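I have placed the structure first, in the form of structure tokens, so that the comments after it can refer back to it.
So that the names make sense, note that chain A is the first sequence line, chain B the second, and so on, each numbered from 1. The model shown is predicted, which means the values in this text are computed figures rather than measured ones.
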Amino acid sequence: MPRRKLLKLATFNVNGIGARLSQLLSWLEVEQPDVVALQELKALDQAFPAAQLEDAGYGAIWHGQRSWNGVALLGRGVTPVESRRGLPGDHSDAQSRYIEAAVHGVIVGCLYLPNGNPQPGPKFDYKLAWMRRLQRHAGSLVGLPAPVALLGDFNVIPTDADVYDPGAWRKDALIQPESRQVWRQLLQQGWTDALREVFEDEQVYTFWDYFRQHAERDRGLRIDHLLLNPVLAAGLQEAGVDRWVRLQEKASDHAPTWVRVRI
DNA sequence: ATGACTCATCGCATGAGA
């Protein structure tokens with residue numbers, strides 16, 4: 001028998017690493033994920049709290065940006081070995097939205113897909129162009145003979161089952177047919193949508209906006225996703241959303257979302 | 001149809017988020 005280990009991989013849009021550091025640290029301590037993909041750091045590289053994360057037992061790589069965007073990868077007890085920062089296909093794209101590394105034997109892409117609102121318009125065009133670049137890059141990863149995961153805030157509501165009220169979001173970039181079509185094309189490459197695989201028909205959300213007590217009332221969206229290539233999907237054991245984090249005071253509007261896999 | 005919240009920024013409002 002080959003040696004096997006159980007790994008917990010998580011994605012968490014923190015909506016400002018500065019405003020969320022204490023919550024991030026307490027979540028890490030309670031849940032002890034092995035690999036964490038973070039989005040929306042909203043901080044310059046020099047403001048990333050590497051020392052505090054190191055004290056908490058996590059090595060990190062990050063790609064910051066002033067005010068907006070920003071992504072990072074954390075490894076429990078290890079520093080991720082970076083393989084890429086930025087999606088290929090557009091050298092003029094200066095937004096910090098993708099970082100990739102080997103962590104605990106898994107190739108992990110951490111992504112923050114553009115929101116795309118308002119649509120139609122240039123921001124929606126940028127979203128779709130970014131998605132096509134992601135599709136191309138994902139196509140080069142899915143068939144590797146190694147475990148690969150794409151983790152992040154995809155800003156796509158895959159189906160009407162992934163939103164509390166499809167009608168309320170009808171004009172939003174997250175739910176447009178064009179966005180969903182590229183999502184489906186990603187899955188057709190062979191990726192497994194881990195949360196949907198585990199929850200099947202059960203309702204599960206990862207984001208609840210700050211308005212009208214949507215978190216408390218569980219009126220949310222499923223937009224944070226974990227895509228597993230066939231090698232990794234073969235070891236999928238469990239998946240979940242740490243909604244308790246979203247219900248805390250001063251929470252991000254997203255909750256940490258995770259899978260447990262045997263590799 | 002709008003705005004409700006929240007974060008970051010040389011802020012006393014604005015842009016962006018989703």
>> Could you write out DNA chain B as dot-bracket? Rules: Watson-Crick or G-U wobble, both distances under 3.5 Å, brackets [ ] for crossings, | for pairs with another strand, dot for unpaired.
In response: ....(((((...))))).
>> Suppose you measure atom P in B:dG15 against the same atom in B:dC10; what distance do you get, rounded to whole Å?
In response: 15 Å
> How far does the P atom of B:dG11 sit from the matching atom of B:dA16, given to the nearest Å?
Replying inline: 16 Å
>> Between B:dA1 and B:dT6, how many Å separate the two P atoms, rounded to a whole number?
In response: 27 Å
>> Please list, in numerical order, the residues of residues 154-171 of chain A that have a heavy atom closer than 4.0 Å to any atom of DNA chain B.
In response: A:Asn155, A:Lys171
>> Just to be sure I understand the rule, does A:Asn69 reach a base, reach only the sugar-phosphate, or reach nothing, if contact means heavy atoms closer than 4.0 Å?
In response: nothing
> Where does the chain A footprint on DNA chain B start and end, counting 5' to 3' with a 4.0 Å heavy-atom cut-off?
Replying inline: B:dA1 to B:dA18
> So which one's nearest nucleotide on DNA chain B is more toward 5', A:Arg66 or A:Phe211?
Replying inline: A:Phe211
> Where is the tightest heavy-atom contact between A:Lys127 and A:Asn115, given as atom of each residue plus distance?
Replying inline: NZ-O, 2.9 Å
> DNA chain B: A:Trp68 or A:Gly16, which has the more 5' nearest nucleotide?
Replying inline: A:Gly16
>> Does A:His254 reach a base, just sugar-phosphate, or nothing at all? Heavy atoms under 4.0 Å.
In response: sugar-phosphate
> Quantified in whole Å, what is the C1' atom distance between nucleotide B:dT2 and nucleotide B:dC12?
Replying inline: 25 Å
> Mind checking who shares a hydrophobic cluster with A:Trp258, ILVMFWY linked at side-chain heavy-atom distances under 4.5 Å?
Replying inline: none
> Under the 4.5 Å side-chain heavy-atom rule for ILVMFWY, direct or indirect, which residues accompany A:Phe12?
Replying inline: A:Val14, A:Ile17, A:Leu21, A:Leu24, A:Leu25, A:Trp27, A:Leu28, A:Val30, A:Val36, A:Leu38, A:Leu41, A:Phe48, A:Leu53, A:Tyr58, A:Trp62, A:Leu74, A:Trp244, A:Val245
> Any side-chain donor paired with an acceptor under 3.5 Å for A:Asn15 and A:Tyr210?
Replying inline: yes
> Counting distance only, does the side-chain N/O of A:Arg262 pair as donor-acceptor with the main-chain N or O of A:Gln237 below 3.5 Å?
Replying inline: no
>> Any donor-acceptor pair under 3.5 Å linking the side-chain atoms of A:Thr206 with those of A:Asp224?
In response: yes
> Are any of the side-chain heavy atoms of A:Gln203 and A:Tyr164 separated by less than 4.5 Å?
Replying inline: no
>> What's A:Asp209 touching, base or sugar-phosphate or nothing? Going by heavy atoms closer than 4.0 Å.
In response: nothing
> Are any non-hydrogen side-chain atoms of A:Gln135 and A:Gln189 less than 4.5 angstrom apart?
Replying inline: yes
> Looking at residues at least two apart in the chain, or sitting in another chain, which of them share a ring pair (Phe, Tyr, Trp, His ring centres under 6.0 Å) with A:Tyr205?
Replying inline: none
>> At 4.0 Å (heavy atoms only), tell me whether A:Asp153 reaches a base, stays on the sugar-phosphate, or touches nothing.
In response: sugar-phosphate
> A:Ser83 and A:Glu100: side chain to side chain donor-acceptor pair (under 3.5 Å), yes or no, with the steps?
Replying inline: CA-CA 6 Å; A:Ser83 51; A:Glu100 183 183 291; 3.2 Å; yes
> With a 4.5 Å heavy-atom cut-off, do A:Trp130 and A:Leu111 have their side chains touching?
Replying inline: yes
